[in-house]
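Remarks on the structure that follows.
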Amino acid sequence: MKYSDIIGQQHIKEHFINAVKNNTVSHAYIINGEKSTGKSMLAETFAMSVMCEGEDEKPCMKCKSCTKITNKCNPDFIKLIRDTEKKADIIRIDEIRSQIIDSMYDRPYNGHHKVYIIEDADKMNVQAQNAILKTLEEPPKYAVLLLTTTNVERLLPTIISRCIILNMRPVKDNIIKQFLREKGGVSEDSIDIITAIAGGNVGRAKLLLDDDEFINFQDSITDILIDIPRTGYRRILEAVDTICILTGRDKKKKTKTKSKYGPEDVFDIFMLWYRDILLYKATDDIEGLIFRNHKTEIAIQAGFFRFDALDKIFHEIEDARGKIRSFINYEATMELLLINIQEISK
């Protein structure tokens, strides 16, 4: 993959391009950002450009080194392989030793560099981090270590201080919309909804675009939001049941089942719905709405809520989001949120 194939993150691409061009490649980098933002693509593309034997644009995708990396047979390109049969959420010291440290001080087979990639490096336990720290304190000149993280603060401060930190940035909505249009097969209304929920995350936008079930999920949550101001307590309970089922939480069995969607997706749709109501109430303009296919209902609900009431709803949604993150009862939190929204609408 070339840098031009990666959407957004121009600041990181330019940093990497200049580092190779000016021969100022550091021994260690941390690429930090949300899941699905393209951290691995950037790390692998940089690794290829560092090791590229081409004369002009790097990576050239044609030289011996690039070809070997593409075919996964370049011995100087090492990517940590996780042991999925053990604790998948932890990277252990034995994995770091056997795949990284044991070969770090062996000189490159072919070129001038050896590049190591550790994805989700913030999942290393303390022992594994301490092992990496020793190599960072006295790294061989030819070694480049690339760590990707979703939460860089989980790494030891001593590791952070020895790395160049590059933070992923949200990609602008117009760029994501153009990307989705080029993919094709989806309406403009769906593009707006996907872009809004993606929140600047191209990877998430692509996942939602490729997911045939997403529109049905979004419609089910929207139906609940349409119903809330007019419904009674029994329908509230039914709505909570629906949300639990959609997000893989079986209330009767009190267990989690596999689901593509979770509470964060529900809260995101809630926020976008009431954002539309607020926008319409303030401007009477339907062009800026995300849920334009529900413009009539948006206009009706704009009459239910005062501006201060909508502000309360936004706070209620964020409060519920915080409770779920703190592992407070999911069903009770959702029930309270829907009841509070209904009371505010009166």
Side-chain angles (χ1 to χ4, degrees), residues 6 9 11-13 15-16 19-20 24-51 69 72 74-109 112-169 201 203-204 264 325-327:
I6 300 173
Q9 312 308 328
H11 63 298
I12 297 181
K13 290 189 284 189
H15 181 98
F16 284 155
V20 172
T24 56
V25 175
S26 179
H27 67 283
Y29 295 86
I30 295 172
I31 306 174
N32 181 62
E34 290 181 356
K35 182 180 178 182
S36 301
T37 48
K39 300 185 296 294
S40 295
M41 289 188 294
L42 279 166
E44 291 182 15
T45 303
F46 179 50
M48 292 182 75
S49 66
V50 168
M51 302 169 69
I69 291 177
K72 300 181 180 180
N74 191 322
D76 296 324
F77 174 75
I78 299 95
K79 189 173 181 180
L80 183 76
I81 300 173
R82 304 282 295 280
D83 186 347
T84 56
E85 293 184 0
K86 297 184 179 179
K87 292 185 177 179
D89 57 340
I90 294 174
I91 300 176
R92 305 181 314 280
I93 188 171
D94 58 310
E95 293 173 304
I96 295 296
R97 280 177 176 164
S98 63
Q99 298 185 51
I100 308 294
I101 297 173
D102 286 353
S103 68
M104 176 95 48
Y105 294 92
D106 296 333
R107 296 192 64 82
Y109 286 90
H112 301 291
H113 288 94
K114 294 181 73 171
V115 182
Y116 295 83
I117 296 178
I118 303 177
E119 295 181 342
D120 298 321
D122 44 336
K123 293 184 178 181
M124 289 189 291
N125 62 23
V126 175
Q127 293 81 5
Q129 291 193 45
N130 280 322
I132 283 292
L133 179 60
K134 291 180 180 179
T135 67
L136 292 176
E137 289 171 342
E138 297 180 4
K141 291 182 179 180
Y142 50 78
V144 179
L145 182 63
L146 301 173
L147 310 177
T148 72
T149 61
T150 54
N151 187 353
V152 68
E153 299 301 325
R154 291 177 182 167
L155 294 178
L156 295 173
T158 43
I159 289 180
I160 295 172
S161 66
R162 287 170 171 80
C163 299
I164 292 176
I165 301 175
L166 300 168
N167 289 305
M168 304 289 280
R169 295 174 184 170
N201 187 324
R204 190 179 187 198
E264 292 291 335
R325 288 173 178 171
S326 300
F327 303 104

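We're numbering straight along the sequence, starting at 1.
Counted by atom type alone, Glu119 and Thr148 present zero donor-acceptor pairs between their side chains at under 3.5 Å.
Here Thr24 pairs with Ala19, Asn22 under the side-chain contact (heavy atoms from CB on, under 4.5 Å) rule; sequence neighbours left out. Applying the side chain to side chain donor-acceptor pair (under 3.5 Å) test to Gln127 and every residue at least two apart in sequence or in another chain returns nothing. The side-chain contact (heavy atoms from CB on, under 4.5 Å) test applied to Ala47 returns Phe77, Val115, Ile117, Leu146, not counting sequence neighbours. Scanning for side-chain contact (heavy atoms from CB on, under 4.5 Å) contacts around Pro140 gives Met104, Tyr105, Tyr142, Ala143, with sequence neighbours left out. Residues passing the side chain to side chain donor-acceptor pair (under 3.5 Å) test with Thr135: none are found, sequence neighbours excluded. Evaluation of the side-chain contact (heavy atoms from CB on, under 4.5 Å) rule for Thr45 yields Met1, Tyr3, Ile6, Pro59 as partners, not counting sequence neighbours. Among residues two or more places apart in sequence or in another chain, the side chain to side chain donor-acceptor pair (under 3.5 Å) test is passed with Thr149 by Asn32. With sequence neighbours excluded, no residue satisfies ring-ring contact (aromatic ring centres under 6.0 Å, His included) with Tyr116. Under the side chain to side chain donor-acceptor pair (under 3.5 Å) criterion, Arg162 pairs with no residue, sequence neighbours left out.
Distance check: Asp120 CG to Ser40 OG gives 7.5 Å after rounding to the nearest 0.5 Å. Going from atom CD of Glu95 over to atom CD1 of Ile101 covers 12.0 Å, rounded to the nearest 0.5 Å. Going from atom CD1 of Ile12 over to atom CG of Leu166 covers 5.0 Å, rounded to the nearest 0.5 Å. For the atom pair CD1 of Ile96 and CG of Leu80, the computed distance is 5.0 Å after rounding to the nearest 0.5 Å. Separating the NZ atom in Lys141 from the NE2 atom in His113 is a distance of 11.5 Å, to the nearest 0.5 Å. Here the CD1-CD1 distance, from Ile165 to Ile30, works out to 5.0 Å after rounding to the nearest 0.5 Å.
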Contacts under 3.5 angstrom, residues 150-157 side chains, donor-acceptor by atom type, not counting sequence neighbours:
from	atom 1	to	atom 2	distance (Å)
Thr150	OG1	Asp122	OD2	3.1
Asn151	OD1	Glu153	N	3.2

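Of all heavy-atom pairs spanning Ser103 and Gln99, the tightest one is OG-O, 4.0 Å. The minimum heavy-atom distance linking Asp102 with Ser98 is given by the pair OD2-CA, 3.6 Å. Here the closest non-hydrogen pair linking Pro75 and Ile78 is O-CD1, 3.5 Å. Heavy-atom minimum distance, Thr158 versus Ser161: O-OG, 3.0 Å. Taking every heavy atom of both residues into account, Leu42 and Met168 meet most closely at CD1-SD, 3.5 Å.
His112 NE2: 12 or fewer foreign heavy atoms inside a 6.0 Å radius.
Taking 4.5 Å as the limit, every side-chain heavy atom of Ile90 sits out of range of all side-chain heavy atoms of Lys123.
In this structure, Phe16 and Phe46 have parallel ring planes: the angle between them is below the 30° cut-off, well short of the 60° mark.
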Q) Leu147 and Tyr29: side-chain contact (heavy atoms from CB on, under 4.5 Å), yes or no, with the steps? A) CA-CA 6 Å; Leu147 310 177; Tyr29 295 86; over 6 Å; no

Check step by step if side-chain contact (heavy atoms from CB on, under 4.5 Å) holds for Ile100 and Ile132.
CA-CA 9 Å; Ile100 308 294; Ile132 283 292; 4.2 Å; yes

Practice prompt. Give the C-alpha distance, both sets of side-chain angles, the deciding distance and a yes or no for side-chain contact (heavy atoms from CB on, under 4.5 Å) between Lys114 and Asp106.
Written response: CA-CA 9 Å; Lys114 294 181 73 171; Asp106 296 333; 4.0 Å; yes

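Of the residues listed (Leu136, Ile164, Val144), the one engaging His27 in a side-chain contact (heavy atoms from CB on, under 4.5 Å) is Leu136, and it is the only one.
Ion pairing between Glu264 and Arg325 holds under the 4.0 Å rule for side-chain N and carboxylate O. Between Glu137 and Lys134 there is no salt bridge, since no side-chain N of the basic residue sits under 4.0 Å from a carboxylate O of the acidic one.
Listed by first then second residue, pairs satisfying salt bridge (Lys or Arg N to Asp or Glu O under 4.0 Å) with a partner in residues 30-49 read Glu44-Lys79, not counting sequence neighbours.
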